[in-house]
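The structure under discussion appears below in the form of structure tokens.
Order of the sequence lines fixes the chain letters, A, B, ..., with proteins taken first and strands second; residue numbering starts at 1 for each chain.
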4 protein chains.
Amino acid sequence: MKKKISDPKQRLLETATSLFYNQGYHATGINQVIEEAGVARASLYTHYESKESLLLAFLHQRHTDWMEGLQRFTDKATKPKEKIAAAFDFLFDNNEKEHFRGCAFLNILSETTDNDTAVLAVIQDHKKGLRAFLGEILAKEKQGIKDHVYLLFESAIVESQLYRHQWPVQEARKMAVGLL
Amino acid sequence: MKKKISDPKQRLLETATSLFYNQGYHATGINQVIEEAGVARASLYTHYESKESLLLAFLHQRHTDWMEGLQRFTDKATKPKEKIAAAFDFLFDNNEKEHFRGCAFLNILSETTDNDTAVLAVIQDHKKGLRAFLGEILAKEKQGIKDHVYLLFESAIVESQLYRHQWPVQEARKMAVGLL
Amino acid sequence: MKKKISDPKQRLLETATSLFYNQGYHATGINQVIEEAGVARASLYTHYESKESLLLAFLHQRHTDWMEGLQRFTDKATKPKEKIAAAFDFLFDNNEKEHFRGCAFLNILSETTDNDTAVLAVIQDHKKGLRAFLGEILAKEKQGIKDHVYLLFESAIVESQLYRHQWPVQEARKMAVGLL
Amino acid sequence: MKKKISDPKQRLLETATSLFYNQGYHATGINQVIEEAGVARASLYTHYESKESLLLAFLHQRHTDWMEGLQRFTDKATKPKEKIAAAFDFLFDNNEKEHFRGCAFLNILSETTDNDTAVLAVIQDHKKGLRAFLGEILAKEKQGIKDHVYLLFESAIVESQLYRHQWPVQEARKMAVGLL
DNA sequence: AATGAATGAGCCTTCATTCAT
DNA sequence: GATGAATGAAGGCTCATTCAT
């Protein structure tokens, strides 16, 4: 079961990923998606029920990829404190690679209302997953410390997007490490 | 030179404020704005050059109002530690009143690319203003403490929006107060 | 692969032809075009990139049709002098059929600035084609005569539009024939 | 009864003249007119009944100015043949000064339908005036020669606009002079 | 599975004009 | 006479989706 190089479904997802992430969901039209993906308009609807379902696919994929990246960074270290430091290094690396576009989930969250229950659920699940992931690294710490690190971690992402600068990552990293 | 009760410019700004904040900038059409404001389509352009300039007006107004609100809360306290606690109480209060829609500036930031220089500048100025405000309260503290409080403050806003829950505000408040 | 009776692209072109020619380009709105063509608004953009590209399509089609008509008239005669006379008869005929709306290309030229390079090029190409066509009929004449006939031919079109009268065609015809 | 330097009515007329002539009537919005004239929107309607009446004012003024210019050129010569040559030199001069925008009246004619009776009348009157003017210079010639020169004169204007080149003026001048 | 055509609704902006001051 | 505000209609174009092939 080989995948074609030019698998339309995959190309649509990749294009949507790039566009939704970099310019936002509502600012991205499906015209742009299908054009950059190089597929026919109707083909989008062969593979995805709607624009929103393409958004959901993007978020799911992003969750997997992002958590894998985080895992890869933290796996390099052994001690909890070092793992946490490595987690912040992952943010630093992402900022470089993705030009400070911040968190895909929080960005979409900003475009989401209470009516978009499916989208909201995926976003919250992602963050719960992250929180749990950091919590496991800090299994021996008290809940207060876990939360504290998590909140600093979140700030680091958002604030480096805001200022287009790494200082929040670096400062938050110091603070988090200092807590441990 | 009295102001009319139904000043259209003001109504447009109020309507835009509500819509941009609650459902996002790109998700809000000019049609909805003028309809809810009860003005003719072209009247919008008598007062605002473009949709983006209406957005900028909203952000400026929001900055003023929000900082005033924050000021009002912190003025109630005298000691720095209490002022910081009061600042978090302001967030708590906002969440109740605005149904966890989070930070207007960070939400718009998510819909903003590097090309939107004017918008980006207003957002960054707002956050610099907030950071400076908190920094003055903590004038006697080291820069590291100031930053730490600021990052927790930001987290509190974002995460309570994400979870539609006050716990991040309450936890971050405890942590911040604990630092002082 | 049969063509549908109500081919929308063709209907759009025909409608645009009639409207652009009879009331001008800028005076014709897209709304009027789609309404009279009986197609949905967006369908226009399925077939034509923009209003200007519809204009270009109109001019191209008009060039072909008009030159064919001219050809048909001049083919009836054998001697150059008679062919030229027949060319003026073609103008006479057009004026009757099209109610003295003059030259589609010169009319659009009036609405064209130096920035509209694509449109300007089509217009100039049309006139170069006409000039070459007349020049071939008068192959044995000197260049000065060729130009003279061409200029009278152009005057005949423009002035009969201006006065809503055939006299310029008839006078110019006499003059041109007299030159040969 | 002095005229103010910044007479609004005059400024409006001058601005409209420039814009209607250079970019066309329908392509010119009153916003652009009032902005470039530096007057308030409603002031336009203080002085002119409507956009069309501004157009008529432009055409009337243009007629006067243009005929004066033509007069000035032909006055330099004494013999009919030289006066006609001078008339063509006037066209040459205009083309240089006005960047080959052609005849203001014929351009507006292209944007005019049979319903625009007032506009059409002004245009026709202008051309009748020109034709009479040339006719008077050639008072001793037969009607056929008068018409011939007139038609070449008209061609010279239109075709130099079309090709953005002086050759039609120069060629038509030679032909006209050759007829006398 | 893939596609080009078609669509009603909506996008943001400007139109020419009128009104109250 | 001059003006800023206000307006309904229209400007050209794009939206997300569906349909017939």
Hey, where does DNA chain F pair up into stems, meaning at least three consecutive Watson-Crick or G-U pairs with distances under 3.5 Å?
-> E:2-21 with F:2-21
Closest non-hydrogen atom pair between [X] and [Y], with its separation:
X      : Y      : answer
C:A37  : C:L12  : CB-CD2, 3.9 Å
A:V33  : A:T15  : O-CG2, 3.6 Å
B:L55  : B:V119 : CD2-CG2, 3.9 Å
B:Y48  : B:A57  : CE2-CB, 3.6 Å
D:A104 : D:R62  : CB-NE, 3.6 Å

Can you tell me how far [atom2] of [N] sits from [atom1] of [X], to the nearest Å?
X     : N      : atom1 : atom2 : result
B:D7  : F:dA6  : CG    : P     : 7 Å
D:L12 : F:dG1  : CG    : P     : 14 Å
C:H26 : E:dC15 : NE2   : P     : 12 Å
B:Y48 : E:dT14 : OH    : P     : 17 Å
B:I34 : E:dT13 : CD1   : P     : 12 Å
A:Q32 : F:dA16 : CD    : P     : 10 Å
D:E35 : F:dT3  : CD    : P     : 15 Å
D:K9  : F:dG1  : NZ    : C1'   : 12 Å

Short N/O separations, protein against nucleotides 8-10 of chain F, under 3.5 angstrom:
| residue | atom | partner | partner atom | Å |
| --- | --- | --- | --- | --- |
| F:dA10 | N6 | B:R41 | NE | 3.2 |

Between C:T28 and B:G38, which has a closest nucleotide on DNA chain F that is more 5'?
-> B:G38
Check whether the side chains of C:E98 and C:Y21 place a donor and an acceptor atom closer than 3.5 Å, and report yes or no.
-> yes
Which is it for B:F20 and B:L59 under the side-chain contact (heavy atoms from CB on, under 4.5 Å) test, yes or no, and what are the steps along the way?
-> CA-CA 10 Å; B:F20 289 167; B:L59 292 176; over 6 Å; no
Can you tell me which residue pairs pass the side-chain hydrogen bond (donor to acceptor under 3.5 Å, both in side chains) test with a partner in residues 107-125 of chain A, sequence neighbours excluded?
-> A:H26-A:E111, A:N107-A:Q161, A:N107-B:S110, A:S110-B:N107, A:S110-B:S110, A:D114-B:R164
Any pair counted as side-chain hydrogen bond (donor to acceptor under 3.5 Å, both in side chains), so long as it reaches residues 34-43 of chain D, sequence neighbours left out | D:N31-D:R41, D:Q32-D:E36
Taking only heavy atoms on the protein side, list every residue of residues 49-59 of chain C lying under 4.0 Å from any atom of DNA chain F, sorted numerically.
-> C:S50, C:K51
Looking only at side-chain atoms of B:Y45, point me to the closest of E:dC12, F:dT17, F:dA2.
-> E:dC12
Which listed nucleotide (F:dA5, F:dG12, E:dA6) is nearest to the side chain of B:H47?
-> F:dA5
Evaluate side-chain contact (heavy atoms from CB on, under 4.5 Å) for C:S18 paired with C:Q23, printing each intermediate quantity in order.
-> CA-CA 8 Å; C:S18 168; C:Q23 58 188 30; over 6 Å; no
Under the side-chain contact (heavy atoms from CB on, under 4.5 Å) rule, what do D:F105 and C:L162 come out as? Steps first, then yes or no, please.
-> CA-CA 10 Å; D:F105 300 88; C:L162 167 59; over 6 Å; no
Not counting sequence neighbours, which residues clear salt bridge (Lys or Arg N to Asp or Glu O under 4.0 Å) with D:R101? List them please.
-> none
Heavy-atom nearest nucleotide on DNA chain E taken for C:L44 and for B:L44; more 5' hit belongs to C:L44
